[in-house]
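Working notes, beginning with the structure itself.
For this chain, numbers begin at 1 and follow the sequence in order. Order of appearance sets the numbers: ligands from 1, and atoms from 1 within every ligand. Values reported hereafter were calculated over all heavy atoms of this structure, with side chains retained and with hydrogens, waters and symmetry mates removed.
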Amino acid sequence: MNGSARESTSVAIVGAGPAGLTLGHILAQAGVPFRIIERTTREHLLGRVRAGVLEQGTVDLLASLGLDADLRRRGLTHHGIYLQYEGRRHHVDFDELVGRTVTVYGQQALVAHLLAEHDRIGSDVRFETTGMQVDGLTTSSPTVHYVDASGPVELSCDVVVGADGYHGIGRQSLPAASRVAWERAYPYAWLGILADVEPSTDDLIYALHRDGFAMHSMRSREVSRLYLQVAPDESIDDWSDGRIWEALQTRLGVDGWTLAEGAVTEKSITPMRSFVASCLSHGRLFLAGDAGHIVPPTGAKGLNSAVADVALLGRALLDHRAGDDTGLATYSERALARQWKVQQFSQWMTQMLHVHDDGDASERGFAYRSQVGQLEYVTRSRAAQQSLAEQYAGLPFSEGAA
Ligand code: RFL
Ligand code: PHB
């Protein structure tokens with residue numbers, strides 16, 4: 001680009017979501033130069049309400065980087081989840097079944113903390129960039145082109161990391177042959193709210209109800225997070241706060257328990273999909289997080305998968321700096337081997353807990369009754385519960401190809 005400022009770094013990270021920000025900290029701690037280039041504003045990043053559950057492996061990685069101070073203070077340790085169907089609620093006790101727990105800590109809080117720590121250590125993070133393009137990926141010195149407030153920039157680097165989410169340019173920069181992906185859209189979406197009210201439960205409740213799935217999560221002792229299965233083309237304008245609470249009361253209700261209501265401070269509808277790219281690398285470009293794979297949120301795996309990817313990639317980048325490229329060469333295969341197990345779990349939880357509206361009355365009845373059968377099996381079989389607990393609490397980050 002004519003007139004571009006020519007700059008250089010070692011690792012160019014596209015995207016300041018959980019994947020990009022965490023990778024930045026792994027590199028910072030090892031003294032590897034990097035730049036994080038983000039399209040949106042800092043305010044937009046800080047305003048996004050998304051995931052809520054951190055696996056033990058995610059918490060451990062953050063702790064190993066010294067990034068767990070806020071998490072320890074504000075995160076809520078959960079020993080299991082409730083599965084609910086046909087008006088009955090059953091506890092699945094992860095701690096007792098597999099000796100592990102999960103931590104409820106909002107992605108919003110995590111991103112805020114990771115950014116604040118980048119500010120504190122003086123990391124190179126650029127916001128509000130446009131015109132992102134990458135080239136020279138199969139050379140030893142690729143270039144990232146973008147425009148920021150100072151004008152066009154030509155950033156040469158050693159490695160480019162596409163941590164830029166599902167809609168980013170990282171995946172689009174793969175050659176056509178490597179861009180093959182497997183995908184599945186679901187015929188429903190999640191309507192999520194944040195409400196200023198003390199959670200009415202100790203552990204998260206996942207409920208199958210004839211009207212559709214509902215979930216009770218939380219962000220703190222004062223803030224509840226709740227979700228409802230809705231049609232994918234549903235308009236949020238058709239869901240008054242009153243209608244939302246009424247649906248939540250119906251779907252989450254069990255005898256002798258009350259769902260406390262409070263002021264709704266945020267509401268949005270999110271479509272659901274499963275998506276896996278066939279390859280997470282091309283030359284010196286590596287994809288991490290939602291850029292390479294998406295899961296429906298029922299298994300609470302998206303954010304955790306992003307962190308699992310950068311744990312592997314960070315290690316591989318440090319080995320690369322030390323002259324060993326084995327980790328980079330096998331990154332895609334290892335990350336995808338773990339990811340397919342996560343995909344299967346997320347799809348299984350989703351299928352088991354959502355109402356399927358397709359087919360005639362007999363097919364719908366068949367689907368619902370076999371889901372109830374599956375939930376009865378899971379809530380009565382220790383082996384099934386152990387399998388659920390092992391996967392929900394999180395497979396090892398090193399879980400990959402043999
Ligand atoms: P992100 O968070 O999408 O960040 C990508 C960043 O890249 C930027 N970007 C660009 N920057 C520069 N140039 C470009 N051309 C760019 N294009 C894009 C974007 O602005 C953005 O800032 O991806 P990352 O880091 O891979 O993180 C993934 C997670 O955000 C995501 O998987 C989770 O939020 C998914 N998820 C959940 N995951 C869990 O592990 N546990 C949960 O409980 C959970 N619940 C959820 C969820 C996602 C949800 N929604 C809204 C999709 C619940 C919901 C409702
Ligand atoms: C959340 O708290 O936002 C949350 C929790 C569990 C999920 C999905 C989302 O499976």
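- Under a 4.0 angstrom heavy-atom cut-off, Met215 registers as being in contact with ligand 2.
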Distance-only donor-acceptor hits, side chain of residues 247-255, under 3.5 Å, sequence neighbours excluded:
{"residue": "Gln249", "atom": "NE2", "partner": "Leu259", "partner atom": "O", "Å": "3.0"}
{"residue": "Gln249", "atom": "NE2", "partner": "Glu261", "partner atom": "OE2", "Å": "2.8"}
{"residue": "Thr250", "atom": "OG1", "partner": "Glu246", "partner atom": "O", "Å": "2.9"}
{"residue": "Arg251", "atom": "NH1", "partner": "Phe213", "partner atom": "O", "Å": "3.0"}
{"residue": "Arg251", "atom": "NH1", "partner": "Gln229", "partner atom": "O", "Å": "3.0"}
{"residue": "Arg251", "atom": "NH2", "partner": "Asp211", "partner atom": "O", "Å": "3.3"}
{"residue": "Arg251", "atom": "NH2", "partner": "Gln229", "partner atom": "O", "Å": "3.4"}

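- Closest to atom 3 (O) of ligand 2 among all protein heavy atoms lies Tyr227 OH, 2.6 Å.
- When non-hydrogen atoms are compared, ligand 1 lies under 4.0 Å from the backbone of Ile37 (N, CA, C, O) but not from its side chain.
- Here Val14 has side-chain heavy atoms under 4.0 Å from ligand 1, and that is the only part of it that gets that close.
- Taking only non-hydrogen atoms, the option from Gln107, His293, Glu38, Met272 nearest to atom 20 (O) of ligand 1 is Glu38.
- A side chain to side chain contact (heavy atoms under 4.5 Å, CB included) with Leu54 is found for one member of Leu71, Val307, Val104 and no other, namely Leu71.
- Proximity of Trp190 to ligand 2, defined as any heavy-atom pair under 4.0 Å, is confined to the side chain (atoms from C-beta onward).
- Looking at Asn304, Asp290, Val307, it is Asp290 that brings a heavy atom closest to atom 32 (O) of ligand 1.
- Residue-level proximity to ligand 1 for Ala163 is carried by the backbone, the only part with a heavy atom below 4.0 angstrom.
- Of the heavy atoms in His44, none comes closer than 4.0 Å to ligand 1.
- Among protein heavy atoms, the minimum distance from atom 6 (C) of ligand 2 is reached at Tyr206 OH, 3.3 Å.
- Checking His145, Glu7, Arg126 one by one against Val153, the side chain to side chain contact (heavy atoms under 4.5 Å, CB included) holds for a single residue, Glu7.
- Looking at every heavy atom in both residues, Cys279 comes nearest to Leu287 through O-CD1, 4.2 Å.
- Residues His118 and Leu21 form a side-chain contact, since some pair of their non-hydrogen atoms from C-beta on lies under 4.5 Å apart.
- At a heavy-atom distance under 4.0 Å, only side-chain atoms of Tyr227, from C-beta outward, approach ligand 1.
- Arg88 meets the side chain to side chain donor-acceptor pair (under 3.5 Å) test with no other residue; sequence neighbours excluded.
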